[in-house]
Amino acid sequence: MKLIIKGGLVADPVTGKTELLDVVVEDGRVVRLDKPPTGADQMAMVIDATGQVVLPGLIDAHTHLREPGQEHKEDIASGTAAAALGGFTTVAAMANTDPVIDSRTEVEFVLKRAAETGLVNVLPVGAVTKGQKGEELAELGDMAEAGAVAFSDDGQAIANAELMRCALEYAKMFGRPIIDHCQDESLTSEGVMHQGYWSTILGLRGIPAAAEEVQVARDIILVGRTGGRLHLTHLSSAGSLDLLRWAKERGLPVTADVTPHHLSLTDEVVRRLDYDTGTKVNPPFRSQRDLEALRQAVGEGLIDLIATDHAPHHFDDKDVEYNYASFGIVGLETAVGLVVTNLVEPGILDWAGVARLMSLGPARLFGLKAKGRLEAGGDADLTIIDPKAEWTVDPAGFASKGRNTPFGGMVLRGRVTATIVRGRPVVLDGKLVEQ
Amino acid sequence: MAFRRKDILTLEDMSVQEMQAILDNASSFKEILGRDIKKVPTLRGKSILTLFYEASTRTRTSFELAGKYLSADTVNIATTTSAIVKGETLKDTAWTVEAMGIDCIVMRHPIAGAPHFLARICQASIVNAGDGMHEHPTQGLLDMFSIAERKGRLKDLKVAIIGDIFHSRVARSNIWGLGKMGADVWLAGPSTLIPPEVERMGESFGSRGGRLRVTCRVEEAIEAADVVMVLRLQLERQKKGLFPSIREYARLFGVNRRRLALAKDDFILMHPGPMNRGVEIASDAADADYSAIIDQVTNGVAVRMAILYLLLGGGGGEEAVADKGGEVR
């Protein structure tokens, strides 16, 4: 199948340039990028991208697809449909399913289900420890061989420092990063939101920024000792950014992501939405100072990628008192809108920057050579965005089974119009293509 | 002024005018409590549920009596003897009682924001009778009423709130209420029991508001105070490392006659109850003449009558208060 995307503004994350180019795709690969006009081709399908931005397909390094075991919250079919609508051509599926993805069997299961029901590429992330219990290392080598692209106990913190040291040391042999959700449980103490002024006002238990920072510092020190590859996911505090900067200045193999939601809201939203459990997320929304530091770090290039931490939950898991509600926000279908509205429109990021943080950054994290940039010979994974389109977030219309979001009713700029996976359009005109 | 709100959830979101309306009405209702026949027909035909997910003596009883003195029908759900022990959710419990025609739900719940959740999903009026560490607005109002009754005003009084501020919903409601009414509020307690950035609450007291000061020295807070309000210390906090021992707490932060000697000559002593005698408050202080602790309980009934009246029967407006006067006869 041949496909030509005409007249779009193509953003290159490597050169940082944005130029009008036609993208010619054949048999799942990018054949060439032409200065328009490209000659007519009777055999090719044409997508008119005039006035739109064409990016190398977005990659989400942090997605909870919930299959196997929690299909009432999400499954690979619904989660990848949400991903496609959100412009993601590849998602990394986190390991905290039931059972946990902690051996070859589960890795192969996810790959098989993704091949059967997935609309976009799915990369399994294996657990670091057996059952994510934080006690013994899982079979990282075997999982890497089966296709695990990284290891993470996300959802749980790896409390034992020696075990974390071993994980970093051991995973090094397979060239795979450890993705850590940094949180010192002893400092979290049953917290449900950021510890600060608003937790005081609302009488909710706080999760101090220090809970994250203490573990970020520990992890960085362990990377210094082991040379293992560490990725810090969903950083939320200004203090963590200082530590990250320290590590990078010393050339340590440490990267980090932040989520679109942490780049959009502060802890004040819990008050504004009157304890709406859609605001309950871990790490929590932090202070205004943290939000500004995160945005600045994204603009400066300190942050390597943006990842959604898409965490779908069932309606019943959230329709309860605040403390009883599950942590998590669905992110796939709002990511582009939030990034455009809160980062591109205010001039913090240009489109090449978006491509760097949402395509190239995650591709590098997982060592994906043929993804993350648009060049001849690369995978034809593409995302087309109408940068000016305004739309209202309507959770009831999500393809995800999860509707847990604090962004419902919000007007956002920037809408995904087409998503192309290995040369095949899965979203056109902002809608899923009938398969 | 019109009193038009469906629910009473916090003093944070309540205006000075609304609080004043409740306090003014409470004075007339207190008069009824002094009578031989303590019943008026004001809320005849209205039904009130007390739904308590935590233990309570005075709050639950005073709401029930307030409702009964106003001729409302009151029913109680204690969580230990209801379908809640079978795992029924708050939503289902609320919808079940609402389907029976309840007009007002008075709820105490261990989780902050639970009454807000209830208010969103119910047509009935919701009164927050204490939600986690958040607020206890009717306690704040009865404390304000008790102070104003003794002192004739709230503005420019020095009120010291002593103890475990961090976990106290009583403290939060009093800080908002007293601060907005113009009192100078001092908070004192061990640094581990002072919530983060609490001093910033003072920035939201409004143009007529008082000041908010925070100290770890009880003496500083009590010095020249018009009111000393002692908070209950939950003894299990010690196990979490927030303070080393009950003994040290009592020595450093306990309110006793020696410390109270620093207050103004005509100061009053308050405690929301239940007290830990010999821990946060010394018995000889609690039982002294300057103690208003028993007044607080009586006033709690009057203030809750005013709240139920304004929510369920008032319909708003000063004329409504006059109407009630008519009904009393």
Side-chain angles (χ1 to χ4, degrees), chain A residues 184-211 237 239 266-280 284-290 314-327 404 406 408-409, chain B residues 7 9-13 53 87-95 107 109-121 128 130-137 165-173 175-176 187 192-204 212 214 237 240-242:
Chain A
D184 183 317
E185 297 285 347
S186 67
L187 282 166
T188 316
S189 68
E190 300 156 37
V192 293
M193 71 173 292
H194 173 63
Q195 185 179 77
Y197 178 67
W198 291 107
S199 68
T200 290
I201 296 302
L202 293 166
L204 289 171
R205 290 212 178 253
I207 300 174
S237 94
T266 65
D267 55 346
E268 178 270 343
V269 72
V270 186
R271 170 69 182 82
R272 181 152 43 89
L273 296 186
D274 248 355
Y275 297 89
D276 186 324
T277 56
T279 63
K280 186 175 171 184
F285 290 117
R286 301 256 181 225
S287 69
Q288 186 66 35
R289 189 178 81 86
D290 293 305
H314 190 268
F315 176 78
D316 291 341
D317 300 327
K318 285 285 197 179
D319 192 36
V320 289
E321 296 92 318
Y322 205 83
N323 288 15
Y324 298 157
S326 300
F327 285 101
N404 44 303
Chain B
D7 313 298
L9 305 179
T10 69
L11 295 191
E12 185 208 349
D13 75 349
Y53 285 79
E88 187 162 59
T89 63
L90 176 56
K91 181 170 86 169
D92 288 327
T93 303
W95 283 359
M107 183 173 75
H109 198 289
I111 293 175
H116 299 69
F117 173 72
L118 204 59
R120 265 200 296 277
I121 61 170
N128 179 7
D131 61 328
M133 313 187 301
H134 179 217
E135 281 216 39
H136 191 352
I165 312 290
F166 190 99
H167 298 93
S168 177
R169 54 195 174 210
V170 174
R172 283 174 179 76
S173 286
I175 294 167
W176 286 125
L187 308 177
T192 45
L193 293 176
I194 304 277
E197 302 182 45
V198 68
E199 61 286 350
R200 280 181 56 197
M201 288 173 80
E203 296 162 17
S204 304
L212 180 64
V214 183
R237 307 284 181 218
K240 294 205 156 184
L242 293 166

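So that the names make sense, note that chain A is the first sequence line, chain B the second, and so on, each numbered from 1.
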Heavy atoms only: give me the nearest A:I201-B:E12 pair and the separation to one decimal.
CG2-OE1, 3.7 Å
What is the minimum heavy-atom distance between B:A112 and A:G203, and which atoms define it?
CB-O, 3.4 Å
Ring pair (Phe, Tyr, Trp, His ring centres under 6.0 Å) partners of A:H194, counting only residues at least two apart:
none
Residue selection (most heavy-atom pairs with chain A, distance under 4.5 Å) from B:H167, B:R200, B:E197:
B:R200
Are B:D13 and A:R271 packed together at the side-chain level, in the sense that at least one heavy-atom pair is separated by less than 4.5 angstrom?
yes
Close side-chain approach of B:F117 and A:D319, heavy atoms under 4.5 Å
yes
Between [atom1] of [X] and [atom2] of [Y], what distance do you get to the nearest 0.5 Å?
| X | Y | atom1 | atom2 | value |
| --- | --- | --- | --- | --- |
| A:T200 | B:I165 | OG1 | CD1 | 11.5 Å |
| A:N323 | B:H109 | CG | NE2 | 9.0 Å |
| A:Y324 | B:L90 | OH | CG | 9.0 Å |

Could you go step by step and tell me if B:H134 and A:Y275 meet the side chain to side chain donor-acceptor pair (under 3.5 Å) rule?
CA-CA 11 Å; B:H134 179 217; A:Y275 297 89; 3.0 Å; yes
Side chain, backbone, both or neither: which part of B:S204 has an atom under 4.5 Å from a heavy atom of chain A?
side chain
Just jot down the side chain to side chain donor-acceptor pair (under 3.5 Å) partners of B:H116, sequence neighbours excluded, or say none.
none
Quick check against the 3.5 Å criterion: does A:R205 have a side-chain atom that pairs as donor or acceptor with the backbone of B:M133?
no
